[in-house]
Amino acid sequence: MRGFELVSQIEGGTIPTRGTKTSAGYDISVINGASINPGQVHVFDTGVKAYMQDDEYLSLHVRSSIGIKKGLILANITGIIDSDYYNNPSNEGHIMVAIRNMSDEVVTIEAGERVCQGIFSKYLTVANDSATQSRTGGVGSTN
């Protein structure tokens, strides 16, 4: 099973949906709007979290309309949400989206605007994988 839930500590989130029955990605919107200066990064709250199987992850990709029409990219190019990020003790698994303005103009993102899409995928591990650490927090908690 996999899916999305609203984060309990943040109001205004919207459960992501697909635009068509053959869309790979679930459109993720932001709670609050902001204007981003050229070259700057802004981190947006989505108010949602994702759950999935242990051997899956959610990849975040900028929506083409945001990239092509507005000159925006995800600050980390592709966001990876690991399965153990869900309900972590630090931020409940809240998905936040960092967007960088690559254009020469100030770009405004409106509250409720769909900025990225999430795609669930399986992953493989190597035969001698020795990972034993458990997640103890939110973003960057696994060093």
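All values below come from the heavy atoms of this structure, side chains included, with hydrogens, waters and symmetry mates left out. Along the sequence shown, residues carry numbers from 1. This is a predicted model, so every value here is computed, not measured.
Atom CG of D129 has more than 12 heavy atoms from other residues, nucleotides or ligands within 6.0 Å.
Nearest heavy atoms, K70 versus V107: O-CG2, 3.5 Å.
Considering only heavy atoms from C-beta on, I36 stays 4.5 Å or farther from V106 through its side chain. Inter-residue side-chain proximity for T14 and I31 is flagged as unmet; no heavy-atom pair is nearer than 4.5 Å. Between H94 and K49 the shortest side-chain heavy-atom distance does not fall below 4.5 Å. Here the side chains of R114 and S29 are in contact, with some heavy-atom distance below 4.5 Å.
Within the hydrophobic cluster formed by Ile, Leu, Val, Met, Phe, Trp and Tyr side chains joined at under 4.5 Å, directly or through other members, I80 is accompanied by Y57, Y123.
Checked by atom type and distance alone, the side chain of E113 pairs as donor or acceptor with a backbone atom of E110 at under 3.5 Å. Here the side chain of R18 pairs a donor or acceptor atom with the backbone of K21 at under 3.5 angstrom. Side chain of S23 to backbone of G25: no donor-acceptor contact under 3.5 angstrom is found. Panel note: side chain N101, backbone S103; a donor-acceptor pair is recorded below 3.5 Å. No donor-acceptor pair under 3.5 Å is formed between the side chain of T46 and the backbone N or O of M96. N88 places a side-chain N or O within 3.5 Å of a backbone atom of S90 that can act as its donor or acceptor partner.
For the side-chain contact (heavy atoms from CB on, under 4.5 Å) test, residues two or more places apart in sequence or in another chain that qualify with I15 are F4, L6. For H42, the ring-ring contact (aromatic ring centres under 6.0 Å, His included) criterion is met by F44, not counting sequence neighbours.
Taking CG from L72 and CD1 from I68, the interatomic distance works out to 12.0 Å, rounded to the nearest 0.5 Å. One distance of note links CZ of R2 with CD of E56; it measures 4.0 Å at 0.5 Å rounding. Here CD1 of I99 is found 7.0 Å from SG of C116. Values are rounded to the nearest 0.5 Å. If you take OG on S65 and CG on D27, they are separated by 8.0 Å, rounding to the nearest 0.5 Å.
In the hydrophobic cluster analysis, where Ile, Leu, Val, Met, Phe, Trp and Tyr join through side-chain heavy atoms closer than 4.5 angstrom, V48 is grouped together with F120. L74 and Y85 fall within the same hydrophobic cluster, defined by Ile, Leu, Val, Met, Phe, Trp and Tyr side-chain heavy atoms under 4.5 Å apart, directly or through other members. No continuous path of ILVMFWY side-chain contacts below 4.5 Å connects V7 to V30, so the two sit in separate hydrophobic clusters. Criterion: ILVMFWY side-chain heavy atoms under 4.5 Å apart, direct or through other members. Under it, I81 and V43 are part of a common hydrophobic cluster.
In this model, a donor atom of one side chain and an acceptor atom of the other lie less than 3.5 Å apart for S35 and T108. Between E92 and Y86, the side chains place no donor N or O within less than 3.5 Å of an acceptor N or O (distance only, hydrogens not considered).
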